[in-house]
Amino acid sequence: MNKIMAEVDVKSGLRSILQRIDAACQKRNPELRCLTPRLVAVSKTKPIEMIIECYEEGQRHFGENYIQELAEKANNKDILEKCKEIQWHYIGNVQSNKLNKILGIPNLYIIETVDREKIAEALNKSWPKFNENGEKKLNVFIQVNTSGEEAKGGVEPTNVISLAKFVIEQCPNLKFDGLMTIGRFDYNVEDGPNPDFLCLKRCRDEICQHLEIDWKDVKLSMGMSDDFEHAIELGSTNVRVGSSIFGYRPRKV
Ligand SMILES: *Cc1c(COP(=O)(O)O)cnc(C)c1O
C-alpha cells in the first residue's frame, strides 16, 4: 500500500459523505424531497486501488477531468474486471481534437461539460460509431459559466436556452440531461446563497419554461467538497466530491 492510501480511509470517507448528503436532503424545501442527489466521486490524481475500494463500498459514479487519465483508468484491467458497473463522468474541458478519445471510454456515462454547439454537433455525429448496439443516447450536461470568470469553461447564461434547444432538437444521439457549473472559487456561504447555484437553477427554470420540459427531468450538477451540502439545499441533484473522500490532492503542475 502506498503512502497516500495508508493515510486515507476511503470507505469511511465515502460513508461520511453519504451521511452528510442525507442530512442536507432533510433540510431542503418539501418540493425537492422527491429528488435524490447523486454522488459523483471525483477520483482525479488518485490511484486505481482507491477507486476499487470506493466501488466495493457501493459507489458507482466516478468523475475525472483529464482525458488521458480517464482513458487509462477506465481501460485498466483491474477496473474492467472488478468494477463492471462503474459509470464514468467526464468533467473536464471538452477539446474538439479529443472527442474520439472521450467517446471511446469504456463505461462512459456522461459528459458534463458540453458548452458549445460545435462540440454538441460533433459528439452527436460521432457517437453512433462508438455505440455499437445503437440503442443508447449519450448523456450530456451543458456547462454554464455562472461566475463570468474568463478562465472557466461554460456557455454564458444568456445563451444557455439556445444551446439546450440545439441539443434537444438537432442532436438526436444526445440526451440533454441537465446543467453543470463549477462556480467561483472560495465563496463564503455566510454571505448568503451562492449566486452561481442560484444562477444555474434560474437557467434550468428558463429552459424548462421555454422548451416545456418538466424541471424534475433536468439535473443540476453543482457542489464540491467545500459546498456540496449548501448546493443540495439549493437544489443540486448531482454533487461532485473529490478530496473529502479521497484525501488532499496536490495541485497538478
Ligand atoms: C476536482 C473537481 C471536483 C472535486 O473537487 P473537490 O474540491 O476535491 O471535491 C469537482 N468538479 C470538478 C469539475 C473538478 O475538476
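The first residue in the sequence is number 1, and the count goes up from there. Order of listing sets the numbers, starting from 1, for every ligand and every atom in it.
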What protein heavy atom is closest to [atom], reported as residue, atom name and distance in Å?
{"atom": "atom 10 (C) of ligand 1", "value": "Met224 SD, 3.2 Å"}
{"atom": "atom 14 (C) of ligand 1", "value": "Lys44 NZ, 3.0 Å"}
{"atom": "atom 11 (N) of ligand 1", "value": "Arg240 NE, 2.9 Å"}
{"atom": "atom 9 (O) of ligand 1", "value": "Ser225 OG, 2.6 Å"}

What do we get for Glu112 next to ligand 1 when only non-hydrogen atoms under 4.0 Å count, side chain, backbone, both or neither?
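The answer is neither.
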Is ligand 1 under 4.0 Å from a heavy atom in the side chain of Ile91, in the backbone, in both, or in neither?
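Both of them.
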Atoms in ligand 1 with a heavy atom of [X] nearer than 4.0 Å:
{"X": "Ser243", "answer": "6 (P), 7 (O), 8 (O), 9 (O)"}
{"X": "Asn65", "answer": "15 (O)"}
{"X": "Gly242", "answer": "4 (C), 6 (P), 8 (O), 9 (O)"}
{"X": "Val241", "answer": "9 (O)"}

Asn131 atom CG: more than 12 heavy-atom contacts under 6.0 Å:
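Yes, CG of Asn131 has more than 12 neighbouring heavy atoms, counting only those of other groups under 6.0 Å.
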[X] side chain to [Y] side chain, donor-acceptor N/O pair below 3.5 angstrom:
{"X": "Glu112", "Y": "Asn238", "value": "yes"}
{"X": "Ser221", "Y": "Arg240", "value": "yes"}
{"X": "Gln87", "Y": "His61", "value": "no"}

Mind running salt bridge (Lys or Arg N to Asp or Glu O under 4.0 Å) on Glu64 and Lys73 for me, showing each step along the way?
CA-CA 9 Å; Glu64 290 281 341; Lys73 285 175 170 170; 2.9 Å; yes
Between Glu121 and Lys118, does any NZ, NE, NH1 or NH2 come within less than 4.0 Å of an OD or OE carboxylate oxygen?
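Looking at Lys118 and Glu121, the cut-off is not met.
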Please confirm whether Arg60 makes a cation-pi placement over Tyr55, using NZ or CZ under 6.0 Å from the six-membered ring centre and within 45° of the ring normal.
yes
